[in-house]
2 protein chains.
Amino acid sequence: MTIKDMLGRSGVVSKEEALRRILEHAAVSVPGIENISIHESLGRVLGEDIDAPADVPDFVRSTMDGYAVRSADTFGATESMPALLAVVGESVMGELPERPVSKGECMKIYTGGALPPGADAVVMFEHTQPVDLDSIEVTKPVGPLENVIQIGDDLRRGERVLCKGRLIRPQDMAALASLGITSIPVLERPRVAIISTGNEIVPSDGPQPRGRVRDSNSYYLEGLVIQHGGLPVRMGIVRDDPAQLRGVVRSALEQCHMVVITGGSSVGSFDYTEKVIDSFGPPGVIVHGVSVKPGKPLIAAWAGSVPVFGLPGHPVAVGISFDLFVRPVLLKMSGEVPSPALEGLSPVRTVRARLQRGISSGPGREEYVRVVLERKDGELQARPVFGASGLISTLVKADGIVVVPADSIGIEAGREVEVRLF
Amino acid sequence: MTIKDMLGRSGVVSKEEALRRILEHAAVSVPGIENISIHESLGRVLGEDIDAPADVPDFVRSTMDGYAVRSADTFGATESMPALLAVVGESVMGELPERPVSKGECMKIYTGGALPPGADAVVMFEHTQPVDLDSIEVTKPVGPLENVIQIGDDLRRGERVLCKGRLIRPQDMAALASLGITSIPVLERPRVAIISTGNEIVPSDGPQPRGRVRDSNSYYLEGLVIQHGGLPVRMGIVRDDPAQLRGVVRSALEQCHMVVITGGSSVGSFDYTEKVIDSFGPPGVIVHGVSVKPGKPLIAAWAGSVPVFGLPGHPVAVGISFDLFVRPVLLKMSGEVPSPALEGLSPVRTVRARLQRGISSGPGREEYVRVVLERKDGELQARPVFGASGLISTLVKADGIVVVPADSIGIEAGREVEVRLF
């Protein structure tokens, strides 16, 4: 009995079972590491753990505008019994004061300025009053270390600042810059081969003979791949010809970390698409057919360590299949380690809205319904967009998707639903 | 009385009042239009309305695998009384069949194939059975236009497909490609000048003398600007010197659509920062001081039609100020027209979590508290990260922000709160 017999590949499986098989095979075959400029690093995945090479700050800094003091000199000070201190100068921004502050003395200081030797706290201007040019009265005591940042308070030398797998955010760029790290080790983006198939498909940037349609799925996939951290590699359009498809897939497998094929919408071509994909195993095809609508005729395969997806040709199905099955694999390959706290939550923005019209659905399959959001009667409402899954216009008009669960035969009008924005 | 006296610019104002003044001045001074390749268009803002130059599809297509028929020939057909039809060939993918289907005839067809003249519907394979090589029986009737997409059903020639101001999504790329539009008119990204000030600041890619700190705010802002569709223009670090700042701001105003200055954290330098910014009016400074924490010492000004922001130097305050005041202006300048249905909803992903520890806050100001998300006791919990707003480490550790409203003195532990992820 082969692995495929065991997996029962010929049968349509549930979304959960398909995902289980797919993720079981999806090793974190992370691409290599490349060093890029910090200016290019937003949204990339960190390739190494980053430890602080030095303390930040590496000198004691004030967090207020005021006077650097020896805190003991201010103990017991009040409005009626202020502490008198001699002002011995100013801590100049960007310089380390050499003159110390001795008992009974203080030094003017600004936020971010360096504390002079001897001082251990800062009194805010508001709690002082000038006596003459060279002395002030402190009207409120400060404790040791009050209003100061100590050496290493922000980042301590050797401390783990960012972990490998971190998706770099703007504030992470700030942290790297503060440590002087401006060449950033990031993981290479997974290269995803995109192949359109079908004798009826012509390139989008050329003329369109009658009876043909322009390639749109490869652009849809290109956008989705970029949006999810991958690097699209366009492999062009392949005719309904097993030998040609085999050659293009072989070339894709040599260059890329993942292959996504769309279309070959006819029964005949879809059959040979599966055979061609399977021939690059083991393990070959692990899923063929999922009980979701649209998107049922999904093929998922592994050619050695490289995942190969065969998506149905209808654009709506391309989007659903990508979201459900390709995205999780791409995320795993990207090396990104999402916050464990957020696991299980929708990775995309969702809103709640009231369903304007009922949706009916066959039991036993998850159904994905496009909706347009409208504000009516002071609330957010979702209007289902019906129409064949071959119509790109429905995707363009829609603001998001409502999911009808597999164990339901529909959702009544007036119910509140969760809309996944796209 | 000048406009500034009327505005009472010297006083600290509420967040709402600051935003009102800022947005009142924020004209949609949209940059120009540039044509870019469709491959670069994801996330850009469409610069022109796009109307369909032709019908999509421009021929009648099947949405099923089956037989193209004259629907009238199938009327009344049942399992026991099937309709007998002669198969006169196959509609080859990518070609327009020349042979018509006459009364009593049908033609094999696949999903996406072109209907032959005479046929007006498609019977699915499932509802037919072969009789011999040249004829089939139809066991279920189809109505006119059943299982077909008519000319223009997806996009009708002249129809508005995408509106100017649309943020281009992957499915929009698909629609453009299907129309053969692969050079896309998009709005230029607003150029945002980023200026760091302070004698204590040194470049991040060089050595760090004692008493100095590395520039991190300009990288934080660079990331934020890119994230929100702007094009960062780094103007370098300016010393605490009004003349130098004036020169750099003048140069920035010549090149950019917006100027953002951070720091000059000392009282003295902040005063002259305001004077320098104001000198490029009218209208000059319209806000100085907002009742939010952190982020109180915000300066917002207009130099003619160019907004100039002076943000406090603390990184946490930079992030909050950007989110509250710079982001809405940048969005307006970008020319993006967000879905009106989503107006008023959080533009970022939010999650609900239980607050692990209470937060106290002064009344009369909105307070922004960084939190780390943790999954505990089967629920999502938010742990406040306390620490001076000068500490980048707190931003790096945090998963998001909780807002304590201005009319509140805090939030009790155990309450469910909304966390804005960042």
Side-chain angles (χ1 to χ4, degrees), chain A residues 38 42 57 59 63 65 93-96 110-112 114 149 154-155 161 170-175 177-178 180 182 198-200 204-205 208 210-216 219-220 223-224 226-227 240 265-267 315 319 339 341 345 349 351 373-375 380 388 390-393 395-396 399, chain B residues 38 42 57 59 63 65 93-96 110-112 114 149 154-155 161 170-175 177-178 180 182 198-200 204-205 208 210-216 219-220 223-224 226-227 240 265-267 315 319 339 341 345 349 351 373-375 380 388 390-393 395-396 399:
Chain A
I38 189 170
L42 183 70
F59 58 95
T63 64
D65 295 329
M93 293 301 283
E95 291 177 20
L96 289 183
Y110 294 109
T111 304
I149 297 179
D154 198 352
L155 301 168
V161 180
Q171 59 265 48
D172 302 328
M173 293 168 68
S178 76
T182 54
N199 287 350
E200 77 278 24
S204 303
D205 50 3
Q208 180 192 5
R210 297 267 299 164
R212 306 296 181 93
V213 292
R214 290 204 174 87
D215 178 22
S216 58
Y219 294 89
Y220 193 5
L224 289 168
I226 296 171
Q227 204 170 47
D240 289 323
S265 42
S266 71
V267 168
S339 165
L345 297 177
R349 212 177 134 205
V351 296
L373 290 169
E374 292 171 349
R375 204 162 274 284
L380 200 58
L391 302 183
I392 295 176
S393 55
L395 277 177
V396 169
D399 294 304
Chain B
I38 190 171
L42 183 71
F59 58 96
T63 64
D65 296 330
M93 294 300 284
E95 291 176 22
L96 289 184
Y110 294 109
T111 304
I149 297 178
D154 197 352
L155 300 168
V161 181
Q171 59 266 49
D172 303 329
M173 293 168 67
S178 76
T182 54
N199 288 350
E200 76 279 25
S204 302
D205 50 5
Q208 180 191 6
R210 297 266 301 164
R212 305 295 182 93
V213 291
R214 290 202 174 90
D215 178 23
S216 59
Y219 294 89
Y220 192 6
L224 289 167
I226 296 171
Q227 203 170 48
D240 290 324
S265 42
S266 71
V267 168
S339 164
L345 297 177
R349 211 176 134 206
V351 296
L373 290 169
E374 292 171 351
R375 205 163 272 285
L380 200 58
L391 302 184
I392 296 175
S393 54
L395 277 177
V396 169
D399 293 303

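Since we're looking at a predicted model, the values are computed, not measured. Chain letters run A, B, ... following the sequence lines, proteins first, then strands; residues in each count from 1. Hydrogens, waters and symmetry mates play no part in the numbers below; they use all other heavy atoms, side chains included.
Between chain B and the residues A/G390, A/P57, A/G223, A/P170, the most heavy-atom pairs under 4.5 angstrom are made by A/P170. Of the residues considered (A/R210, A/Q208, A/E374), A/R210 shows the highest number of contacts with chain B, using heavy-atom pairs under 4.5 Å. Among the candidates B/Q171, B/M173, B/R375, B/R212, the residue making the largest number of heavy-atom pairs closer than 4.5 Å to chain A is B/Q171. If you tally non-hydrogen atom pairs under 4.5 Å between each of A/V213, A/V161, A/L155, A/D215 and chain B, the highest count goes to A/V213.
In plain terms, the two heavy atoms of B/G211 and A/L96 that are nearest each other are CA-CD2, 3.5 Å. When all heavy atoms of B/G112 and B/F59 are compared, the pair lying nearest together is O-CE1, 4.0 Å. Of all heavy-atom pairs spanning B/S216 and A/A177, the tightest one is CA-CB, 4.0 Å. Closest non-hydrogen pair, B/S204 versus B/Y219, comes out as OG-CE1, 3.2 Å. In terms of heavy atoms, A/Y220 sits closest to A/P315 at CE2-O, 3.2 Å.
Both the backbone and the side chain of A/L391 come within less than 4.5 Å of a heavy atom of chain B. Residue contact with chain B, scored on non-hydrogen atoms closer than 4.5 Å, involves the side chain of A/I149 exclusively. Proximity to chain A (any heavy atom under 4.5 Å) is restricted, for B/I38, to the side chain, taken from C-beta onward. Contacts of A/S178 with chain B are made by both backbone and side-chain atoms, with heavy-atom separations under 4.5 Å. Heavy atoms of B/T182 lying under 4.5 Å from chain A belong exclusively to its side chain. At a 4.5 Å heavy-atom cutoff, the contact between B/L42 and chain A is made by side-chain atoms alone. For chain B, the nearby parts of A/V396 are the backbone and the side chain; heavy atoms of each come within less than 4.5 Å. Heavy-atom distances place both the backbone and the side chain of A/L373 under 4.5 Å from chain B. The contact between A/D399 and chain B is made by backbone and side chain atoms together, counting heavy-atom distances below 4.5 Å. The parts of A/L395 that come within reach of chain B are both its backbone and its side chain, each placing non-hydrogen atoms under 4.5 angstrom from that chain. With a threshold of 4.5 angstrom between heavy atoms, A/A175 approaches chain B through its backbone and through its side chain. When heavy atoms are compared at a cutoff of 4.5 Å, A/E95 approaches chain B solely by way of its backbone atoms N, CA, C and O.
Side chain of A/R349 to main chain of B/R349: no donor-acceptor pair is present (N/O by atom type, distance under 3.5 Å, no hydrogens or angles).
The structure places OH of B/Y110 at 10.5 Å from CG of A/D240, a figure rounded to the nearest 0.5 Å.
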